[in-house]
Participant: 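Starting off with a structure, shown below.
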Amino acid sequence: MSLTPSEDRNVFLKIISHAKEYGFVFPSSEIYDGLAAVYDYGEYGVELKNNIKQLWWKTMVHLNENIVGLDAAIFMHPLTWKASGHIDGFSDPMIDNKDSKKRYRVDHLLEAKADELIEAGKNTDAEILLQTMNQLLAKEDFVTLKTLLETEKIVCQVSKTANWTEIRQFNLMFSTEVGAVAEEANKIYLRPETAQGIFVNFLNVQKSGRMKIPFGIAQIGKAFRNEIVARQFIFRMREFEQMEMQFFVRPGTEMEWYNKWKETRIKWHKALGFPSNKLKFHDHEKLAHYANAAVDIEYEFPFGFKEIEGIHSRTDFDLKNHQALSGKKQQYFDPEINQNYIPYVVETSVGADRTFLAVMCNSYQEETTQQVIKAEDGTEKSETKTRIFLKLHPCLAPIKVAIFPLVKKDGLPEKAKEIMELLKYDFNVIYEERDSVGKRYTRQDLIGTPFCVTVDYETLTDQAVTIRDRDTTEQKRVPISSLYSLISDAVSFKRIFEQL
RNA sequence: GCGGAAGUAGCUCAGCUGGUAGAGCGAUAGCCUUCCAAGCUAUAGGUCGCGGGUUCGAAUCUCGUCUUCCGCUCCA
């Protein structure tokens, strides 16, 4: 059954407040009224996110003999971003029309005008216009650029007026200064993607790891982008974390690998528990400057199908540019064909925060049941009860097992703590003795703990406990000695790997 | 940046036509309790987003401002 848009919106709002209420995600700097599009992960959020990252790392690096890891710095030499195209390709000047309130990219307006000129047969005029535009863009001469808009009589499509604001620059990258003395400081950027750290280390890793093509380098790390609109909670943030793998292949074989990684990666998402009908591929029609094929894996969030992973055939664009700019050969000698070449690259890049959000959305469950309540005077009435729980895959759950003494006396707490001692070195365990046991079960449901172990009076004589399943709320009585393997089996990453 | 909505306790909200803040849930401490948030007692927690104005007196009226959410522009 599908929900209406407003119901979806409601569910999403509930997930956001659930995430805050139960320590998964907090708005950044909240005591100072917050910082837009930045979020912090709370005590359970950090566990869940770490589990997602670990699972990805094991899947990519440990399960593939020809993929190794890397942890490159966030700061990189400024020329890196020249080579990657981020400096020239992503500093777009924008302008608003004061009447229609519409915002445009200045280059788009001028390009449209050039197209008009070509249609009118004035090819030379169009060429001159574009040339002038590119020169002004390169010089960042926005004043003259605005004059150009005016002399070309460019109007807004909606208001049909030329009542423009000043031109403003949109900067994708965050900059900062390296150098303790202000005058000697150099402007550098916080990386807008992790990929470049891999590319500039391509030869280091290839040589020290004696890697043979095809091989991959994987990295998990933060990246920073000045998004124009930051919306949808942690879906689009200024500071975010990517899990990337760059796979270096022989030129000409890139499409084979592209298709292979497409299939491999969507399988991973399915194994995480995302249902097939909530996942789909979305091919890019307009390709980025570096790619010859690109596809997104999209998950159906409450606000629609949105990208969680991108798979790109990046050709030799990056390595070629780094070779040109650094003057250092970025080549590989392939003994099989006795040739030197710049490898082609197939990239898989999945957002850690987006996967986190998809996992939250996918696991948030509201279960409504009717319960008959007997009042003191003997009358009965039916009441609707809602049970909220996070149906997280046990291997991702922040807390694996909660241990409760049924009551807080008669040696039950001591016994429960003994069991905790038995498990805490291998699993993230929580102990609780406060409130009724029912309340404790509920609290664990809300953070997605798959198992609750309760010590009762019989435990003291039969060395057995009840273990309660989060999804069914059913209880089984099991010997204490069997707990370790029972939990270990359920929370192991193997449960994911065996589906790949 | 523009347009719309909203800001009172950790959460959900009440506070009518102005008289220096309340409830429920939650939290904490204790009591009670043999299994699914529902017993008892006590405690903590808010300069009502912020600033100015009107007034003897502002959470309440007014102006401004900030922040968040929704829509538009952009998105590797």
Side-chain angles (χ1 to χ4, degrees), chain A residues 5-6 9 12-14 16-18 20-23 26-27 29-37 84-86 89-90 92-105 107-108 156-158 165-166 168 170-173 192-193 195-196 223 225-233 236 242 284 286-291 294 296 303 306-307 310 312 314 317-318 347 349 369 371 373 375 383 385-389 404-410 412 434-446 452-459 465-470 472-475 477:
Chain A
S6 77
R9 174 84 204 132
F12 190 49
L13 288 176
K14 280 185 195 170
I16 293 170
S17 59
H18 191 94
K20 190 198 159 191
E21 183 83 12
Y22 298 102
F26 306 125
S29 319
E30 208 186 1
I31 62 166
Y32 294 110
D33 281 333
L35 183 63
S84 69
H86 283 85
F90 296 103
D92 307 319
M94 294 184 294
I95 196 163
D96 296 342
N97 183 275
K98 288 179 188 169
D99 300 310
S100 66
K101 314 291 186 197
K102 290 280 171 195
R103 177 174 289 178
Y104 297 92
R105 264 173 63 172
D107 53 331
H108 286 179
C156 165
Q157 289 299 313
V158 178
T165 61
E166 294 308 305
R168 279 181 290 254
F170 163 63
N171 288 314
L172 171 101
M173 291 193 286
E193 63 175 17
Q196 298 306 326
R225 287 180 200 172
N226 250 321
E227 304 282 358
I228 296 176
V229 181
R231 288 285 162 81
Q232 265 99 32
F233 194 40
R236 179 157 289 155
Q242 289 181 307
H284 285 215
K286 237 178 77 186
L287 293 172
H289 59 268
Y290 55 72
D296 291 339
F303 47 88
K306 299 281 177 191
E307 174 190 2
H312 296 205
R314 292 182 80 128
F317 176 90
D318 300 277
E347 164 189 277
S349 173
T369 49
Q371 267 202 355
I373 307 278
E383 218 174 82
K385 276 188 64 170
T386 310
R387 184 171 87 98
I388 294 171
F389 63 106
F404 310 144
L406 186 57
V407 295
K408 199 171 49 176
K409 61 178 183 187
D410 302 331
L412 267 48
R434 184 186 305 288
D435 295 317
S436 72
V437 73
K439 240 179 199 175
R440 287 177 261 162
Y441 285 144
T442 302
R443 275 201 287 264
Q444 296 307 314
D445 283 343
L446 291 167
C452 294
V453 165
T454 303
V455 170
D456 55 28
Y457 284 102
E458 285 169 54
T459 306
V465 290
T466 60
I467 184 163
R468 176 225 189 229
D469 180 86
R470 174 198 63 203
T472 61
T473 77
E474 274 163 18
Q475 286 173 274
R477 191 157 192 94

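Below, read A as the first sequence line, B as the second, and so on, with proteins coming before strands; counting in each chain starts at 1. None of these values were measured; they are calculated from a predicted model. Hydrogens, waters and symmetry mates play no part in the numbers below; they use all other heavy atoms, side chains included.
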Participant: Once ring-ring contact (aromatic ring centres under 6.0 Å, His included) is applied, do any residues pair with F303(A), and if so which ones, sequence neighbours excluded?
Facilitator: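 Once residues adjacent in sequence are excluded, the partners of F303(A) under the ring-ring contact (aromatic ring centres under 6.0 Å, His included) criterion are F12(A), F235(A), F301(A).
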Participant: Which heavy atom of Q242(A) sits nearest a heavy atom of A223(A), and at what distance?
Facilitator: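 Closest pair (atom of Q242(A), atom of A223(A), distance): OE1-CB, 3.8 Å.
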Participant: Any N or O donor-acceptor pair linking the side chain of T466(A) to the base of rC35(B) at under 3.5 Å?
Facilitator: yes
Participant: What does R443(A) touch in the nucleic acid at a heavy-atom separation under 4.0 angstrom: a base, only the sugar-phosphate, or nothing?
Facilitator: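 R443(A): backbone/sugar contact only, no base atoms under 4.0 Å.
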Participant: Please determine whether a side-chain nitrogen or oxygen atom of K439(A) lies at a distance below 4.0 Å from atom OP1 or OP2 of rA38(B).
Facilitator: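 Yes.
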Participant: Calculate the interatomic distance between D456(A) atom CG and rC36(B) atom P; express it in whole Å.
Facilitator: 13 Å
Participant: May I ask you to evaluate whether S436(A) reaches the phosphate of rA38(B), defined as a side-chain N or O under 4.0 Å from OP1 or OP2?
Facilitator: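 For rA38(B), OP1/OP2 do have a side-chain N/O of S436(A) under 4.0 Å.
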Participant: Has the side chain of R468(A) got a donor or acceptor atom sitting under 3.5 Å from an opposite partner on the base of rC36(B)?
Facilitator: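 For R468(A), whose side chain was compared with the base of rC36(B), there is a donor-acceptor pair (under 3.5 Å).
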Participant: Polar pairs (N or O, both sides) under 3.5 Å between protein and nucleotides 8-11 of chain B?
Facilitator:
unit_1  : atom_1 : unit_2 : atom_2 : d
rC11(B) : OP1    : K20(A) : NZ     : 3.1
rC11(B) : O4'    : E21(A) : OE1    : 3.1

Participant: Choose from rC36(B), rU34(B), rA27(B) the nucleotide whose nearest atom is closest to any side-chain atom of D435(A).
Facilitator: rA27(B)
Participant: Considering only the C1' atoms, how many Å lie between rG49(B) and rU60(B), rounded to the nearest integer?
Facilitator: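 Going atom to atom, C1' in each nucleotide, I get 16 Å.
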Participant: Does R470(A) qualify as a cation-pi partner of F389(A), given the criterion of NZ or CZ under 6.0 Å from the six-membered ring centre and within 45 degrees of its axis?
Facilitator: no
Participant: Can you see whether T459(A) engages D456(A) through a side-chain donor-acceptor pair at a distance of less than 3.5 angstrom?
Facilitator: yes
Participant: Could you check how far CG of L446(A) sits from P of rC25(B), rounded to whole Å?
Facilitator: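 Going from CG in L446(A) over to P in rC25(B) covers 17 Å.
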Participant: Regarding rC36(B), can its base be found pairing with the side chain of D445(A) as donor and acceptor, where the two atoms are less than 3.5 Å apart?
Facilitator: no
Participant: From the set rU33(B), rC35(B), rA38(B), return the single nucleotide nearest to any side-chain atom of V407(A).
Facilitator: rU33(B)
Participant: rU33(B), rA37(B), rC75(B): which one has an atom nearest the side-chain heavy atoms of R236(A)?
Facilitator: rC75(B)
Participant: How is K408(A) classified with respect to the nucleic acid when contacts are heavy atoms under 4.0 Å: base, sugar-phosphate, or nothing?
Facilitator: base
Participant: Taking pairing as Watson-Crick or G-U wobble with both contacts under 3.5 Å, can you name the mate of rG64(B), or confirm there isn't one?
Facilitator: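 Pairing partner: rC50(B).
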Participant: Atom CZ of R434(A) to atom P of rU33(B): distance rounded to whole Å?
Facilitator: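 Checked: the CZ to P distance equals 18 Å.
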Participant: Would you say R468(A) and Q444(A) make side-chain contact, with heavy atoms under 4.5 Å?
Facilitator: no
Participant: Which is true for Q475(A) with a 4.0 Å heavy-atom rule: it touches a base, it touches only sugar-phosphate, or it touches nothing?
Facilitator: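 Here Q475(A) touches the bases of the nucleic acid.
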